[in-house]
Amino acid sequence: MRIALALAAMAATSFPAAAIEGRYKIKGRNPGQSQVYRGEAAVKKLGDTYSIVWQIGSARQIGTGILTGSVLSVVFQAAGAPGSGGVASFQVSGGKVTSGQWAVTGGQTVGMEQWAFETGI
């Protein structure tokens with residue numbers, strides 16, 4: 001009985017892996033700051049992983065993610081600046097990335113982002 005319930009719960013939250021692909025409008029807050037930043041993110045499936053590219057003002061971040069259930073886990077860095085990265089964890093709901101938290105390598109506080117699906121890729 002427990003196995004059947006677990007399988008039913010997993011099926012209810014499953015969706016095609018490629019469904020999260022697309023372009024998103026994002027807004028977020030850096031750790032410890034109240035000012036909101038805005039930008040865009042693009043998600044593209046590449047084999048078993050996802051390529052994520054953020055554009056926030058003139059800054060570009062690139063990342064690689066894995067989707068496990070309803071969580072997209074991502075390691076990222078500033079484009080052209082190895083060693084400047086961090087880690088992010090995003091919630092996926094209805095087959096789209098919705099929100100998450102992130103931290104820079106060595107950081108002790110987290111930033112937050114809200115994502116709004118704009119269009120498919």
Side-chain angles (χ1 to χ4, degrees):
M1 180 67 160
R2 286 186 183 171
I3 294 173
L5 289 174
L7 291 174
M10 287 172 53
T13 59
S14 67
F15 47 86
I20 68 170
E21 284 188 303
R23 296 188 187 284
Y24 294 80
K25 291 287 187 187
I26 62 167
K27 64 179 179 178
R29 293 182 196 276
N30 289 319
Q33 295 184 6
S34 60
Q35 183 177 358
V36 173
Y37 62 80
R38 296 180 190 283
E40 296 181 345
V43 178
K44 176 86 174 141
K45 186 164 177 45
L46 299 173
D48 293 333
T49 68
Y50 291 85
S51 168
I52 298 92
V53 177
W54 288 263
Q55 187 71 44
I56 302 168
S58 62
R60 182 178 292 244
Q61 302 282 329
I62 56 172
T64 300
I66 58 173
L67 182 63
T68 305
S70 62
V71 176
L72 177 64
S73 302
V74 181
V75 61
F76 66 88
Q77 68 182 23
S84 64
V87 62
S89 180
F90 294 99
Q91 294 297 308
V92 175
S93 179
K96 305 296 181 225
V97 180
T98 58
S99 63
Q101 296 183 316
W102 58 271
V104 295
T105 303
Q108 296 182 3
T109 57
V110 297
M112 302 183 82
E113 285 186 354
Q114 297 291 320
W115 288 37
F117 184 77
E118 192 171 49
T119 184
I121 290 182

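What you see is a predicted model, and the numbers here were worked out from it, not measured in a lab. For the numbers below, each heavy atom of this structure counts, side chains included, while hydrogens, waters and symmetry mates do not.
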Counting neighbours of CZ on R23 that are heavy atoms of other residues, nucleotides or ligands and sit closer than 6.0 Å, is the number greater than 12? no
Applying the 4.5 Å side-chain criterion to the ILVMFWY set and letting contacts propagate, would [X] and [Y] be lumped into a single cluster?
{"X": "F117", "Y": "V97", "value": "yes"}
{"X": "V104", "Y": "I52", "value": "yes"}
{"X": "V74", "Y": "V53", "value": "no"}

Any pair counted as side chain to side chain donor-acceptor pair (under 3.5 Å), so long as it reaches residues 58-67, sequence neighbours left out: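 Residue pairs with at least one partner in residues 58-67: Q55-R60.
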Criterion side-chain contact (heavy atoms from CB on, under 4.5 Å) on Q91 and V71, from CA distance to verdict: CA-CA 5 Å; Q91 294 297 308; V71 176; 4.0 Å; yes
If we only count heavy atoms from C-beta on, is the S34 to R29 side-chain gap below 4.5 Å?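 A side-chain contact under 4.5 Å exists here.
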Going from [atom1] on [X] to [atom2] on [Y], what distance comes out if it is rounded to the nearest 0.5 angstrom?
{"X": "N30", "Y": "I56", "atom1": "CG", "atom2": "CD1", "result": "8.0 Å"}
{"X": "I66", "Y": "T49", "atom1": "CD1", "atom2": "OG1", "result": "9.0 Å"}
{"X": "K44", "Y": "S51", "atom1": "NZ", "atom2": "OG", "result": "9.5 Å"}

Nearest heavy atoms of [X] and [Y], plus distance in Å:
{"X": "P31", "Y": "G111", "answer": "CG-N, 3.5 Å"}
{"X": "S84", "Y": "A78", "answer": "OG-N, 3.1 Å"}
{"X": "I26", "Y": "E40", "answer": "CG1-N, 3.8 Å"}
{"X": "G63", "Y": "W54", "answer": "N-CZ3, 4.1 Å"}

Walk me through whether K96 and I20 qualify under side-chain contact (heavy atoms from CB on, under 4.5 Å). CA-CA 5 Å; K96 305 296 181 225; I20 68 170; 5.8 Å; no
Residues K45 and E21 bridged, charged N to O under 4.0 Å: no
Is it true that E113 and K27 make a salt bridge, defined as a side-chain N closer than 4.0 Å to a carboxylate O? no
Step-by-step side-chain contact (heavy atoms from CB on, under 4.5 Å) determination, T98 to Q114: CA-CA 6 Å; T98 58; Q114 297 291 320; 6.0 Å; no
I'd like to check the side-chain hydrogen bond (donor to acceptor under 3.5 Å, both in side chains) partners of E118; sequence neighbours left out, ordered by chain and number.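 Checked E118 against side-chain hydrogen bond (donor to acceptor under 3.5 Å, both in side chains); zero matches.
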Within the side chain of S73, is there an N or O that forms a donor-acceptor pair under 3.5 Å with the backbone of G65? no
How are the rings of F90 and W115 set to each other: parallel, tilted or perpendicular (split at 30° and 60°)?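 Geometry flag for W115 against F90: tilted rings.
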Start with the C-alpha gap between Y24 and T119, add the side-chain angles, then the distance that decides, and say whether side-chain contact (heavy atoms from CB on, under 4.5 Å) holds. CA-CA 7 Å; Y24 294 80; T119 184; over 6 Å; no
